[in-house]
Chemist: 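Handing you this structure, nothing more for now.
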Amino acid sequence: MVVDGVFSMDGDTAPLAELAELCTAHDAWLMVDDAHGFGVLGERGVGSTEAAGLSPSAVPVLMATLGKALGTAGAFVAGSALLIEGLIQQSRNYIYTTALPPAVAAAAHEALLLLTEEAWRRHHLAALIRRFRQGAAQLSLPVLPSASAIQPLLVGDAIRAVTLSAQLREQGILISAIRPPTVPAGTSRLRITLSAAHSEAQIDHLLEQLAACWASSWAAS
Ligand SMILES: Cc1ncc(COP(=O)(O)O)c(C=O)c1O
């Protein structure tokens with residue numbers, strides 16, 4: 001069974017504990033793509049699997065990118081020595097792709113150290129997510145249920161989503177409008193992505209601008 005840990009367009013999480021149980025019951029392997037959970041979720045930042053209380057043996061194949069929380073590029077697969085050797089020998093994409101440049105590998109290594117040594121970044125991000133969600137609820141902005149750094153604001157109409165994104169950009173806020181076919185018709189959204197580099201003041205400014213643009217886009221439509 002192959003699943004994302006955090007779904008990239010909704011920001012919600014897969015029920016990994018239940019899926020792991022199902023896999024055990026059916027003698028299947030669980031593979032988790034934790035691109036959006038790795039470095040963010042779990043007590044130590046291991047990701048969605050740690051947040052779900054799963055040991056490595058419950059997730060025989062774990063992959064994540066280095067290009068999101070770690071801020072570099074590339075990706076990794078973690079698993080048993082046999083699995084990794086099999087991939088090295090048999091994965092055509094891996095064999096015929098240029099390896100990570102040493103500088104990128106070194107930067108990823110440094111980011112991993114920061115991840116393990118500086119938990120305050122994760123705690124700060126978690127606090128920003130809470131602040132954003134509380135503020136959005138007070139403003140009655142329709143943010144989808146998500147505990148991750150991806151906080152989608154459901155707009156519905158694609159043109160309105162693009163207009164809102166352009167208005168926010170004019171205010172110095174970069175938020176992409178996500179439209180079909182990336183998401184189902186009628187569920188266009190602003191995909192707000194928070195990071196530990198943001199400040200509380202920026203979250204408040206974002207909420208203020210979202211409320212203003214939201215109201216003016218209704219008035220215009
Ligand atoms: C679930 C998932 N996996 C993998 C990736 C690929 O990440 P990257 O481009 O950093 O390799 C993405 C990118 O958004 C993603 O959402």
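Whatever order the structure lists them in is the order used to number ligands and atoms, beginning at 1. Side-chain atoms are counted along with the backbone in the values below, which use heavy atoms only and exclude waters and symmetry mates.
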Chemist: For atom 16 (O) of ligand 1, grab the closest protein heavy atom and report residue, atom and distance to one decimal in Å.
Modeler: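 For atom 16 (O) of ligand 1, the nearest protein heavy atom comes out as His36 NE2, 2.7 Å.
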
Chemist: Would you mind listing which atoms of ligand 1 come within a distance below 4.0 Å of any non-hydrogen atom of Asp4?
Modeler: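 Once the distances to Asp4 are compared, the set is 1 (C).
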
Chemist: Before giving the answer on side-chain contact (heavy atoms from CB on, under 4.5 Å), spell out for Leu16 and Val59 the whole-Å C-alpha distance, their side-chain angles and the decisive distance to 0.1 Å.
Modeler: CA-CA 9 Å; Leu16 290 183; Val59 188; over 6 Å; no

Chemist: Flag yes if more than 12 heavy atoms outside Arg179 fall under 6.0 Å of its CZ atom; otherwise flag no.
Modeler: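 Incorrect, the count does not exceed 12.
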
Chemist: Which residue and non-hydrogen atom of the protein lie closest to atom 5 (C) of ligand 1, and at what distance in Å?
Modeler: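 Residue, atom and distance for the closest contact: Ala35 CB, 4.1 Å.
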
Chemist: Among all protein non-hydrogen atoms, which one is nearest to atom 12 (C) of ligand 1, and what is the separation to 0.1 Å?
Modeler: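 For this ligand atom, the closest protein heavy atom is Lys68 CE, 3.7 Å.
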
Chemist: Do side-chain atoms of Thr13 reach the backbone of Gly5 as a donor and acceptor pair under 3.5 angstrom?
Modeler: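 Side chain of Thr13 to backbone of Gly5: no pair is present.
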
Chemist: Does one hydrophobic cluster hold both Ile88 and Met31, with members joined at side-chain heavy-atom distances below 4.5 Å?
Modeler: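 Yes, it is one cluster - the side chains of Ile88 and Met31 are joined through contacts under 4.5 Å.
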
Chemist: Within a radius of less than 6.0 Å around CD1 of Ile159, do more than 12 heavy atoms belonging to other residues, nucleotides or ligands occur?
Modeler: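 No, the 6.0 Å shell around CD1 holds no more than 12 heavy atoms from other groups.
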
Chemist: Starting from atom 4 (C) of ligand 1, what is the nearest protein heavy atom, named by residue and atom, and what distance separates them?
Modeler: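 Protein heavy atom at minimum distance: Asp33 OD2, 3.5 Å.
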
Chemist: Can you list the atoms of ligand 1 that are under 4.0 Å from a heavy atom of Ser8?
Modeler: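 So the answer, numbered in order with elements, is 16 (O).
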
Chemist: Numbering the atoms of ligand 1 from 1, which are under 4.0 Å from a heavy atom of Thr65?
Modeler: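 Matching atoms, with element in brackets: 7 (O), 8 (P), 10 (O), 11 (O).
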
Chemist: Does the protein put any heavy atom within less than 4.0 Å of atom 9 (O) of ligand 1?
Modeler: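 It does not; no protein heavy atom is within 4.0 Å.
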
Chemist: Counting heavy atoms not belonging to His109, are there more than 12 under 6.0 Å from its NE2?
Modeler: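 It does not: His109 NE2 has 12 such atoms or fewer within range.
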
Chemist: Check Ala75 against ligand 1 and report side chain, backbone, both or neither, counting heavy atoms closer than 4.0 Å.
Modeler: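 Neither; no heavy atom under 4.0 Å.
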
Chemist: If you round to the nearest 0.5 Å, how far is CG of Leu144 from CD of Gln151?
Modeler: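 Atom-to-atom, Gln151:CD and Leu144:CG are 9.0 Å apart.
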
